[in-house]
Structure formats: structure tokens, C-alpha cells
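Since the structure comes first, as C-alpha cells, the remarks are kept for the end.
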Amino acid sequence: MTARVTTDSDRVELSHPDKVLFPEDGITKQELADYFRDVAEFMLPQVRDRPMTLQRFPNGIGEPGFYQKEAPSYLPEWIDTVTFPLREEGREQRQILCNSAATLAYLADQGSITQHVWLSRADRLEYPDRMIFDLDPPDDDFSIVKFAANTLRAKLKHLGIPAFPMTTGSRGLHVVVPLDRSVDFDTVRAWAAEFARKLAWAVPDSFTTELRKESRGDRLFIDYTRNAYGQTTVAPYTVRAKKGAPVAMPVSWEELEDLESSQAYNIRNIVKHLRETGDPWRDIDRHAGKLPALQEKK
DNA sequence: GTGTATC
DNA sequence: GATACACAACGCATA
DNA sequence: TATGCG
Ligand SMILES: [Mn+2]
Ligand SMILES: [Mn+2]
């Protein structure tokens, strides 16, 4: 990590502020930057010090985009980065740490609509402070997602493990467990895999942990494989490259009951909602804990 | 979107 | 100066 | 070792 600079996000100039990034909605780069400014106080605590992958659409979502992991050589020096080894022997990589509102403004200027972040933080990259169950439904029906999430929550609760839901802005939901960084990725993933398989065995007609799409049939995929070094999940409050500019939205369990879609929140309705309800994940890190040993059945 | 090569 | 072009992911499970 | 997958 490098030194932190407090730069006003308004000071970051946008190269083509009127460029339309969402053709069907007429949403411009300026609007994306304004959105980042408005959610920064909620988003920054969730992405701070996590290596960030950019999904960029410099010519809007009607044109193909690309992922960018490596920090570009032209990155301004006031943006934090972290350099770390890749799993491939001898290779390393430098990635962006989005630690300021100004950085968010810069990302908007780069045409980065969607950001993906690690489940660990720069000072201890091998030890995740998040465990994710990524619920991927077979179609646009959100009711099975809520069913899976509530079931998962109940089973975690039996073990005394708190969990926090987030719509992904696409079709699914993330169920997130804060961890105390006492174990590495392989340990967390093994735990998540076993837990997910037990859930799938309990409701085999509705849930699956099969990695190959072909084997999933019409079932909801409980994806535990995000829990790995160098892997990412969609950042809280990030915007999806889809019509309507839906966003990944942390919600309370109570609120989840009323949602009918993973795309319930978007760039144009989220700010009003946040002002009314506040940040449902405000206390997430205070709930960080350890994973207990799993019992034989369940 | 940006850096570099080329006329 | 205008324009063309290249470039911008990785870890892991499974077959 | 080469995909499939996210
Ligand atoms: Mn998903
Ligand atoms: Mn997934």
C-alpha cells in the first residue's frame, strides 16, 4: 500500500462526461460519476484495501467490455495499489485499491461500470475476511433465490454464524459471512463447499453445487468457488452492465422478503432508499468470527 | 481510454 | 495533428 | 493437460 491522498472527487476531470454508457437509458459517464459520489460513504468501507478488478465499457454497454486486473502504467500516483504474487510461480501483479471517492470518480472516467473485489484485504491477502455463498438461479425467478437464502441463513444461524444478504443486480444474491481472518482461503472454501453440499443434499430438487452447467438442470447453483485467492465477487454498490443500470445492493433480511428481483435497485432509485434506511451492512465487520468444525450430518 | 507508431 | 492499432483476467475443479 | 466456469 502506498500513501493515502485526500483528493476531492469533484477535482477528477471526466474526459467525455456526456458520453452515453447505457444507450437504452441514456445514462452518461457524468451520471455514473455522480452515482459514485453519492454512494461513496457506503461503498468505500466495503471495498477499502481489497484488490479491485475493473470491468470496463469505454464505449458503453452496447459494445464489448473487458476485465482489467493489472493496474495500468498510466494510473495516477495518488491512487493506492498493492503488489502481490500470483499463484503461478514467479509472477506478480499490481492491482488498484479503491480507497477514496476520487478513485471512484477516476474509475467512472475509465468507463469502469462494474467493479469486482477480493474477499481479503491488502495487509493479509491469504486470509479472507469474507466468506461468500453466491446463489445463482437457473432463470429469472427470484423466489427460489429467497428460499435458498433464508434456508442458508437459518442453517448458519444454528451454528451461531451471522450472515448478510446482497442482491447482485443481475439474477442472484450473495450471502456474506464476515470472518476474523484466522484461516486461509483453502480452509474457508473447504468449509463452504461442505456446507453448501449439505444444503444441496437436503433439497436436491431445488439446489445443486455442480460446477458444470450441464449437470445443474433447472436447479439453483450454490457457488462456493468464489472463496479463493485472487478470485473476486461483485463489489457492494457496483453497477451492472445491464439495461436499467441495476446495482449490487446490501439489504437487511427483513427487506429481502419484499424484493421481487435482484435488480430491484438501480442507479436512479438507490440513493433515495439509502437515505431512508441507512446502510444495512454498517456493522458487518463487528460480527466477524470463526468457522466452527462441521458435524457429520445436518 | 490511453500510449505508441506512422505519415 | 490526425489516424490506426494494440491492449486491458485468473484460480480451481473436473474431464 | 485442456476446458468450463464465474
Ligand atoms: Mn452470482
Ligand atoms: Mn456465481
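What you see is a predicted model; the values in this text were computed from it and never measured. In what follows, every chain begins at residue 1, and chains take the letters A, B, ... in the order their sequences are listed.
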What is the distance, to the nearest angstrom, from the [atom1] atom on [X] to the [atom2] atom on [N]?
X	N	atom1	atom2	answer
A:I222	D:dG6	CD1	P	14 Å
A:Q115	C:dA9	CD	P	15 Å
A:E70	B:dT2	CD	P	18 Å
A:N227	D:dC5	CG	P	20 Å
A:Y224	C:dG11	OH	C1'	13 Å
A:E210	D:dC5	CD	P	12 Å
A:R56	C:dA9	CZ	C1'	14 Å
A:L54	B:dT2	CG	C1'	14 Å

Practice task
Just call it for A:N59: base, sugar-phosphate, or nothing, with non-hydrogen atoms closer than 4.0 Å on any strand.
Solution key: nothing
Practice task
Select base, sugar-phosphate, or nothing to describe what A:F66 touches, counting heavy atoms under 4.0 Å on all strands.
Solution key: base
Looking at the side chain of [X], which of [options] is the nearest nucleotide?
X	options	result
A:D223	D:dG6, C:dA9, C:dG11	D:dG6
A:K213	B:dT2, C:dC10, D:dG6	D:dG6
A:D134	C:dG11, D:dG6, C:dA9	D:dG6
A:L86	B:dG1, C:dG11, D:dG4	C:dG11
A:A228	C:dG11, B:dG1, C:dA8	C:dG11

OP1, OP2 of [N] versus side-chain N and O of [X]: anything below 4.0 Å?
X	N	value
A:R91	C:dC10	yes
A:Q68	C:dC7	no
A:S15	B:dG1	yes
A:Q110	B:dT2	yes
A:R94	C:dA9	no

Would you say [Y] and [X] are linked by a side-chain donor-acceptor pair, where the criterion is simply a distance under 3.5 Å?
X	Y	value
A:S15	A:D109	yes
A:T53	A:Q95	yes
A:T208	A:R216	no
A:Y127	A:R121	no

Exercise for the section: With rounding to the nearest 0.5 Å, note down the distance linking CZ in A:R275 to CZ in A:F42. Expected result: 9.0 Å
Exercise for the section: Measure the CD-CG distance between A:E210 and A:D223 for me, rounded to the nearest 0.5 Å. Expected result: 12.5 Å
Completion exercise
Note: contacts of residues 169-190 of chain A with DNA chain D (heavy atom, under 4.0 Å) are none
Practice task
Check each residue of residues 230-246 of chain A for a non-hydrogen atom within less than 4.0 Å of any atom in DNA chain D, then write out the ones that pass by number, or none.
Solution key: A:Q231
Handout entry: Rounded distance in Å between the C1' positions of B:dG3 and C:dA8
Key = 12 Å
Handout entry: Whole-Å P distance, D:dC5 and C:dA9
Key = 23 Å
Handout entry: Residue among A:R48, A:R124, A:R50 satisfying salt bridge (Lys or Arg N to Asp or Glu O under 4.0 Å) with A:D129
Key = A:R50
Problem - Residue whose nearest DNA chain C nucleotide is more 5′ - A:Y67 or A:T225 - result: A:Y67
Exercise for the section: Kindly check if the number of other-residue, nucleotide or ligand heavy atoms within 6.0 Å of CD (A:E257) is above 12? Expected result: yes
Handout entry: Heavy atoms of other groups near A:E276 CD, more than 12 under 6.0 Å
Key = yes
Practice task
Kindly indicate whether the side chain of A:I284, heavy atoms from C-beta on, has any atom under 4.5 Å from the side chain of A:R130.
Solution key: yes
Handout entry: Side-chain heavy atoms of A:L274 within contact of A:Y237, under 4.5 Å
Key = yes
